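Values reported hereafter were calculated over all heavy atoms of this structure, with side chains retained and with hydrogens, waters and symmetry mates removed. These figures come from a predicted structure and were not determined experimentally. Starting from 1, each residue takes its place in the sequence as its number.
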Amino acid sequence: MSRGDSWRARLSGVAAVVQGQQQGTGTLITPSLVLTCAHVIGAAHSARVVIPGGTEPQLCQAVWSDAQLDAALLLSQTPLVEVSPTLVTALVSRDRPEVHVPMGSVTTDRPVRGCEIAGYPQIQRYDGGRLELDQYTGTVLPLAGLIRKTMVFEFDRPPAPETSGDISPLAGLSGGPVYTGDTLLGIVRSVPRGRNHQRAECVPISQVLADTDVREWFERRLGREVASALGRHTATHRHEDSPYEEEYAEALVAEYRKTRIFGLDELSRRESEWDLDTAYLSLEAIATWGHRSTAASSKPERIEVLLADHPRVLLRGDAGSGKTTLVSWLAAHAAAGTLNSRLAALNGMVPFVVPLRTLRARSAGFPTPSQLPGAARLMIDEAPSGWVGRVLESGRALLLVDGLDEVPYEDREEAHRWLSSLLKRYPGTRCLATVRPLAVAPDWLESEGFAELRLLPMRDEDIREFVANWHRADRLNDPHAPQELEDSLSRQLANNPTLRDLARTPLLCAVICALHKVRQGFLPDTRWALYRSALEMMLGERDKRRTVATPEGFTLNIEEQQQLLQRIAVWLVRGGQNEFTWDQALHQLNRTLGGMPRVQALGPPEQILTYMLNRSGLLHELTDKVYQFVHRTFRDFLAAKEFVEGDELQELLRHSRETHWHDVLLLSAGHCSRKDLNRLVNGLLDAGDAVVVNSRGGHKVRRSLYKLAVLCAQHGAWLEESTQNRIQAAGWALTD
């Protein structure tokens, strides 16, 4: 479905025929709510409403009317336009807001050109008087009706010759919507005589929403957030903004509507790209801060339900839990206008994706408002001057900040200042920010109105759905892939609780699917072994399965590739980075090749790096000469291997209080010898013991270090008795 087919876009411009004491026009606010002029319905409390080409005429009841303002709201018991089953659910459920048309006010003294009116005037009749919709273009003149608090619309050309008769040729246009783009600015009230029908006087939608009764009714029907979300339109840029906005939406969809199907590296890039609608799985989350109920009483709900309830969300999730996939899915669907049910209010908003890991790799600072469209490096020209500011001012921006944990610890306060300043300057902006669970304090964004959500592990039924989706995508690329492959894995997951527990995150579930296909059903039984097997699959077995000989003129074995990759990985971890350039990678290889004479003899470092980028399957190019690991977890796994092999456990332990190092510490346990594992576990316990508990957050820091020590200890088949005793004591402390 294209952006123009979204529900908000379909409601925009829909004009209804209203038959009250006289014939007029009605403006569809929601599929069942119509705004018209009070003089059209007169003293009656109801009117018949029909949308030609839509449903049958409906008797609608007046839920509000103001004769002085000359506006009224009519409510139908059934939708006046044909709706989908999912939308019907949204309309009839009290706890779900209706899909509604965007509404805005003019906040400038300058003329707003390119506006439109639609309606059913007397002059637009055919076949003996049958009604027909007419459409007019013109300019809203903010100063022309300022004293009388009316909105003046000047037609681009006289719509009809002025007559001296009792019936105006534009009779019936009363109540017709006045739009700029898809945004409703008001309704036509009258066409004064003496100006050759060149002007129409209108009721601004802002005055309707300013009425206490209307606002309370809207809050009950649509929710407080929707009732107060009145966009601000500041002047004359629609002609240049609208085409660019469409192009920007198309660029977002092109960038974020696809994802990669992990592990199927024998496929080409084109074949391995997976439509995000197929890949996306609605995960569960739980509110942990700033929810209407307390965190203790909050129950798990699908993430879309929770996002609909909160305009600003800090989403916490473990590695591979689906945070970035959610950001991509929201960006693509909000831009296309294809979100349904609970998240339909985001359709028509303008997503700005800020991948902090990418900015970090480019050594770029936090983006200013004008730099927001460029943060994601979309393939699109520069925006019209001031466009981003106009979007932010109008309250139509959806800010998606991915990877706050990618910001180095010492820079996170700067990240906080950047985000809070941006949102204070543009308070109507919706925002979703993602972060690892322990990277920032629980109340880090509380003052900016953020609720906090935590992504939960996949349920058994989620795992079944993910496995089905993964194999469906596989069969799209390989129609001959046997169904028995999926059936076999489904049985193993159903009958093996240990394997099922490993598959609780989308990343690990994808790894399991890929390994199961490659290894004909043999699967590891620990998380650490799962990553090791995935690396072996991608570094060694991939080309063997494809009977690829030496496409680069030589081959590197698994250990050689790991040695080269782990030097890049450890450099990234030490620098708090996730991305690197060609020159940076080449510098790291030059430092490593001196100890690898066989590899050094194969060719110059540039050729070795080309081999790694082409053959490893672990690296992919983000933009020209900028690369990253296919997932951050593989970076951490290889960095952990380098720390252990380089006898750098002490360096790891010095970073034990920094949460963005915890995954590296945990993964290092699987690489440790018996002696090193005891050093690692005792070092973590020592760090926990050294924490001053009565300091700010001290108790939480100590618990996190004890928990990390306990998890690391599980990797050991043998631990010294004294270490076992300390681990047991730490376990008791965690239960206090």
In terms of heavy-atom contacts, V691 and R702 come closest through O-NH2, 3.0 Å
ask   = What about H310 and F450, are their ring centers closer than 6.0 Å?
value = no
Could D689 and R726 be called an ion pair, given the rule that one side-chain N must be under 4.0 Å from one carboxylate O?
yes
Hey, mind stepping through W329 and Y256 against ring pair (Phe, Tyr, Trp, His ring centres under 6.0 Å) and telling me if it holds? CA-CA 7 Å; W329 182 82; Y256 292 109; over 10 Å; no
Note to self: Check this for me: does any side-chain nitrogen of one of D663 and R436 sit under 4.0 Å from a carboxylate oxygen of the other?
What the structure shows: yes
Under the ring pair (Phe, Tyr, Trp, His ring centres under 6.0 Å) criterion, do W661 and F643 qualify, and how do the steps go? CA-CA 12 Å; W661 282 74; F643 278 118; 5.7 Å; yes
Indicate whether any N or O donor in one side chain lies under 3.5 Å from an N or O acceptor in the other, for D636 and Y531.
-> no
Task: Within 6.0 Å of CD in E721, more than 12 heavy atoms from elsewhere - done: no
Notebook entry, point to check: Got R504 and D501 here, is their nearest side-chain heavy-atom distance under 4.5 Å?
Noted result: yes
Scanning both residues in full, the closest heavy-atom pair of L283 with S321 reads CD1-O, 3.1 Å
Margin query: Checking D487 against Q483 for the side-chain hydrogen bond (donor to acceptor under 3.5 Å, both in side chains) test, could you report, in this order, the C-alpha distance in whole Å, the side-chain angles of both residues, the deciding distance, and whether it holds?
Written below: CA-CA 6 Å; D487 297 340; Q483 176 66 38; 3.1 Å; yes
Residues pairing under salt bridge (charged side-chain N to carboxylate O under 4.0 Å, His left out) where one sits in residues 561-573, two or more places apart or in two chains, turn out to be R567-E642
Residues at least two apart in sequence or cross-chain that pass side-chain hydrogen bond (donor to acceptor under 3.5 Å, both in side chains) with D402, listed by chain then number, are T324, R357, T434
Those residues at least two apart in sequence (or on a different chain) that pass salt bridge (charged side-chain N to carboxylate O under 4.0 Å, His left out) with E651 are R574
SB check E559 K641 (cutoff 4.0 Å):
yes
Item checked: Distance flag, aromatic centroids of F580 and W571, threshold under 6.0 Å -> no
Quiz item: Thinking salt bridges, do K323 and D405 make one under a 4.0 Å N-O criterion?
Solution: no
Counting heavy atoms not belonging to R459, are there more than 12 under 6.0 Å from its CZ?
no
